[in-house]
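Contents: one structure, followed by commentary.
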Amino acid sequence: MQDRVERMSIEDEIALEVVSVDKRFGSVHALSNVSMRFRRGRVTALLGENGAGKSTLIRVCSGVHQPDSGEVLVSGKAERMSGSLAAKRMGIAVVQQEPQLVSQMTVAENIFLARLGSRAGTGLHHRTGLVGEAETLLAGLGLDKELPDLGGRCAGLSAAERQLVEIARALAADPHVLFLDEPNSSLTRKETDRLFDIVRRLRDRGTAVVLVSHRLGEVYEISDEVIVMRDGRKVGEGSVDALPKQQAIQLMAGERLKAALDLAESATPKASPADAAPVLSVRDASGLAFSNVSFDIQAGEIVGMAGLVGSGRTEIIRAIIGADPLFGGDVRLNGKSVRFGSPRSALRGGIAFITEERRTSVFYGHSISFNLTSNVLERFGHFGFFSERKRRAFAQESANEIGVKADNVDVGIRTLSGGNQQKVLLARALASNPSLLILDEPTRGVDVRTKADMYRQIRTLAHEKGLAVWFVSSELDEILQLADRIVVVRGGEVVDSLARGPEAARVVASALGEKIEDAATTVLTSGMA
Amino acid sequence: MMNKGNRMSIASLKRLPLLRGQEAGLIGVILGLSIAFSFVNPSFLTTDNLRNVLVAVAVVGIMSIGQCFVIIAREIDLSVGSVMGLSGLCGAWLMAAGLNPWLAIVLAIGVGATAGLVTGLIVVVFRVNSFIATLGMLSVARGLTQVISGGLPIMVDPSVMFIGQGTFFDIPVQVLIFVGLGIICQFILTRSVVGQRIVAVGDNDEAARLSGIPINTTRIAVFVASGALAAIAGIVYTTQVSVAEAQAGTGLELDVIAAVVIGGASLSGGRGSILGAMLGAYLLGALRNAFILLELSPFLQQMSVGMVIVLAAIFDQFRQGSFRHANVMPSFLHIFRSRTR
């Protein structure tokens with residue numbers, strides 16, 4: 001009896017609930033049968049690796065996407081949200097990872113962007129009035145001291161300030177449910193503390209706060225409840241006490257972390273002849289966000305570069321391939337000193353690369369064949385013309401070789417899953433017969449099975465065909481599974497370089513997260529014991 | 001043996017661009033309209049009239065071939081009408097100055113290509129939006145034309161007038177030029193490295209850059225092609241009317257862009273076909289012709305042309321199934337309901 005009363009009161013507290021929601025994008029099952037509740041006056045942490053479905057869930061809850069099946073209940077009522085505006089009306093606000101501000105408007109105008117000019121009758125708004133209104137609002141939230149000049153334009157704000165404006169804007173609508181998608185990825189520790197103060201105040205006022213973040217340490221400081229997602233499913237949920245950090249990490253990574261550790265343990269570092277000249281040799285290189293970087297890559301070797309986002313990994317790649325300037329240092333490719341002025345010349349010099357962001361690499365309007373052969377067309381004919389037949393045959397052959405799942409190569413690349421698109425890009429990179437292959441986050445947003453498949457492909461390429469592979473990743477298990485040698489980058493400098501093995505696991509784990517460190521190492525050491 | 005041959009021909013038929021996409025729809029629309037018009041006025045579907053339409057279409061058609069390259073590369077060229085006028089006038093002026101007429105024609109085409117080169121360099125080097133750069137070129141070229149001509153018409157050398165007036169096996173020479181250039185350029189677009197680079201740059205220029213495509217050279221190339229083709233159109237037009245005058249080609253850029261869009265090219269780049277642009281130009285010409293034969297008001301003609309352009313774009317969106325705001329209707333209904341509540 002008492003039990004039932006308690007249940008009733010808990011149900012009253014539920015601000016937002018999703019019930020067996022399914023969402024597919026083409027062949028990707030982004031959410032499968034996901035049910036969860038977010039309670040008033042609680043901070044719920046939504047955890048999961050990239051591609052686990054967190055962002056899709058937020059989009060479904062905020063009306064950006066419609067679920068294929070299942071429903072979203074707002075305060076216990078099933079609602080069909082036709083767009084983010086409708087969601088806002090129901091009291092659901094989202095703070096995006098990348099603040100979307102109108103840079104030519106003032107801070108106050110940005111905060112009230114949604115209802116500018118909705119003052120009765122006129123389409124005009126008063127700048128000065130808005131500033132006053134914003135002050136009142138922010139004072140009520142206790143935010144008034146933190147925000148920059150309310151009458152100033154947003155163009156000159158720092159990343160952290162922009163983030164605060166974005167949050168203030170979300171709060172201006174007085175939401176019942178507030179989603180924070182990686183709100184602290186661009187904030188320092190001190191700024192994060194201030195953000196968490198605000199979150200606590202909101203929680204105490206009865207708002208349901210949903211926090212998505214990769215910094216587990218910080219997440220656990222503030223959350224009341226934890227929900228873990230993996231591959232589009234909910235794999236765990238509970239209060240912070242019932243679901244401690246270590247367990248959450250294990251749930252997030254699934255069996256993969258353990259598999260990675262087994263592999264790391266059993267691995268015998270591949271001995272490469274010491275006297276062979278390295279394929280790529282970088283000495284004292286410096287560029288936009290790095291300096292004094294030196295490392296070698298041998299033929300047949302997979303070098304993994306570990307480091308957090310912003311540690312300078314991507315900048316090193318971009319400088320080597322000529323997409324960004326290289327300020328100084330010596331780069332040798334197959335023994336010859338080179339300095340590439342553009343990606344085109346790097347490609348001609350024998351370096352193929354796949355960038356971090358798939359959307360800057362794929363020709364979305366075209367077929368697999370077009371995408372795969374875009375830089376080797378000369379090969380299929382003479383005098384600037386090519387034979388469509390030869391091109392198709394080549395594309396078909398390399399697509400089969402790399403295991404792209406599609407009926408044929410005339411299929412539009414848009415219809416493929418992210419993993420298969422990535423495979424097409426890999427095939428394109430290999431089409432130019434490079435001596436060095438550079439991969440920046442090679443499996444971002446790629447499902448588990450395709451990941452394993454790609455690891456196998458890359459290993460074959462290196463260990464059997466003698467290709468030198470250099471990849472960058474912020475995923476611990478990826479580095480541990482794939483790399484023969486690991487180079488750790490922090491703050492734009494190479495801080496460590498070691499062969500694969502149990503020792504490497506610990507070092508890399510500590511390099512990949514200051515806050516994740518203790519938890520991850522615990523898992524790692526316990527896994528090894 | 002026979003069987004195999006059949007199968008192959010069916011397979012290759014399916015791969016023909018004719019039977020895919022916008023072109024198929026366009027051919028259907030053109031055939032349907034032609035048959036409908038011929039019921040009202042039987043002279044519409046005669047060989048003579050067909051020839052008239054093609055002759056009328058050739059100038060815009062040739063320019064739309066060049067424009068098609070530009071639009072596929074996600075740029076736009078507003079200067080084609082002016083460059084056409086400038087080149088035609090330069091040709092006539094050089095002939096009048098006593099130059100060999102053929103050399104004059106080559107130089108005139110060079111003038112058009114140079115105008116395109118200048119536009120291309122401005123777009124690539126100074127990163128000026130091509131809409132602005134070519135808007136500038138539109139004015140500059142027209143002004144230059146008036147400076148050179150002094151406002152007076154210049155006669156064309158009779159030895160080259162056959163380009164605009166002659167026939168070859170009963171087919172007007174300019175129609176042969178139009179169709180010939182179209183076939184060559186369609187081939188360049190789909191079967192040459194340059195053509196595929198243009199498509200790649202238009203679809204995703206960052207991806208094109210990172211996959212080693214010389215995107216700046218490619219961009220300049222499309223403007224040069226557009227300029228050169230506008231010049232050829234200028235020669236055809238000048239020889240057709242026997243006289244070069246400073247106002248030739250004024251306002252034609254709109255027809256040219258319309259033809260390309262009707263032909264299924266996307267203004268957001270990466271997609272389009274020369275054949276489609278040619279058919280688009282033909283459809284516009286046929287409509288104009290029909291309105292004259294049916295003795296309808298020229299104002300109605302202007303309206304219908306406008307509607308065809310927009311309808312073609314809507315049809316294209318349907319065909320791609322890419323209505324981005326698929327839930328527009330429910331949202332409208334929602335707003336309507338909340339207002340009336």
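Lettering of chains follows the sequences in order, A, B, ..., and the numbering in each one begins at 1.
- Proximity to chain B (any heavy atom under 4.5 Å) is shown, for A:F380, by neither the backbone nor the side chain.
- Under the 4.5 Å side-chain criterion, counting only non-hydrogen atoms from C-beta, B:V199 is in contact with A:F370.
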Taking distance alone, no hydrogens or angles, what donor-acceptor pairs closer than 3.5 Å link side-chain atoms of residues 111-127 of chain B to residues at least two apart or in another chain?
{"unit_1": "B:T114", "atom_1": "OG1", "unit_2": "B:G110", "atom_2": "O", "d": "2.6"}
{"unit_1": "B:T119", "atom_1": "OG1", "unit_2": "B:A115", "atom_2": "O", "d": "2.9"}

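- Considering every non-hydrogen atom in both B:G270 and A:H366, the closest pair reads O-NE2, 2.7 Å.
- Heavy atoms of other residues, nucleotides or ligands lying less than 6.0 angstrom from CZ of A:R339 number more than 12.
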Do B:S211 and A:R428 pass the side chain to side chain contact (heavy atoms under 4.5 Å, CB included) test, and can you show the C-alpha distance, the side-chain angles, and the key distance before you say yes or no?
-> CA-CA 9 Å; B:S211 67; A:R428 180 208 289 174; 3.6 Å; yes
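- More than 12 heavy atoms of other shown residues, nucleotides or ligands fall within 6.0 angstrom of atom CD in A:E378.
- With values rounded to the nearest 0.5 angstrom, B:D205 atom CG is found 9.5 Å from A:F363 atom CZ.
- Note that the CZ atom of B:R191 and the OG atom of A:S387 stand 8.0 Å from one another [nearest 0.5 Å].
- When each of A:T360, A:T355, A:L377 is checked for heavy-atom pairs under 4.5 Å with chain B, A:T360 comes out on top.
- Listed here is the closest heavy atom pair of B:D203 and A:V362: OD1-O, 4.2 Å.
- For A:R318, the part lying near chain B is the side chain, with the backbone staying farther off; criterion is any non-hydrogen pair under 4.5 Å.
- The two residues A:R344 and B:G212 have their closest heavy-atom pair at NH1-O, 2.5 Å.
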Start with the C-alpha gap between A:F353 and B:L210, add the side-chain angles, then the distance that decides, and say whether side chain to side chain contact (heavy atoms under 4.5 Å, CB included) holds.
-> CA-CA 8 Å; A:F353 42 85; B:L210 291 174; 4.1 Å; yes
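- Of all the listed residues (A:N375, A:N371, A:L425), the one sharing the greatest number of non-hydrogen pairs under 4.5 Å with chain B is A:N375.
- Of the listed residues (A:G381, A:G365, A:G384, A:P343), the one with the most heavy-atom contacts under 4.5 Å to chain B is A:G384.
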